[in-house]
Every structure is written in structure tokens, then in C-alpha cells.
Novice: 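What follows is a single structure, and I will ask about it in a moment.
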Amino acid sequence: MDLRPPSLLGIPRVDIAARMRHFHPEWDEAGLEGALANFETLADGTIRPWLTLARHMTILRALWSSGPASSIPWCRRPW
């Protein structure tokens, strides 16, 4: 599935923070910390997502199967 997230387990927190700052230079420190709150910081300084891959995929499947475009009238297709 194209929406499967990358494996981020074991990446140093400082590296993830640097990536976020690079791709979102407009974020203030509170925004950055809010995004980083999606990860548990382990004792060795690396991260682990709070949401397991299995649960992430379950949520995506539920969203996909619910037909969100039909329940959100202001959502438009790009084609």
C-alpha cells in the first residue's frame, strides 16, 4: 500500500527533528515538539512511533473503506 509509513524505529531523535526543520522551516518550536510527540524517545536517544504499524494500517484501511469523499462534500477529486 502506498500509504505505508517508513520504518522510523531506531532513528536518533535529533535526526528526525533536523528532517522536520528542513522540510517545515515555518514551524515554530511548539509545532516541532508537537510533531515529535508522535514518537517515544528511548533511553539511547532514538525514537519509536507510539502508533504501531499494524494500528496505522488498520486506521488507513478503515479510512479507505469508509469512502471519505462521499461523506465530505467539500472534498474534491484532483481530476
Novice: Where is the tightest heavy-atom contact between Phe39 and Ile47, given as atom of each residue plus distance?
Specialist: CD2-CD1, 3.6 Å
Novice: Let me have the donor-acceptor pairs involving side chains of residues 5-24, under 3.5 Å, with sequence neighbours excluded, atom names and distances please.
Specialist:
residue	atom	partner	partner atom	Å
Arg13	NE	Thr41	OG1	3.1
Arg13	NH2	Glu33	OE1	2.9
Arg21	NH2	Glu29	OE2	3.4

Novice: With sequence neighbours excluded, what pairs up with Asp28 under the side chain to side chain donor-acceptor pair (under 3.5 Å) test?
Specialist: none
Novice: Return each pair, listed once, that meets side-chain hydrogen bond (donor to acceptor under 3.5 Å, both in side chains) where at least one residue sits in residues 47-57; pairs must be two or more places apart or across chains.
Specialist: Glu40-Arg48
Novice: Could you check whether any side-chain N or O of Thr46 sits under 3.5 Å from a backbone N or O of Leu42, counting only pairs where one atom can act as donor and the other as acceptor?
Specialist: no
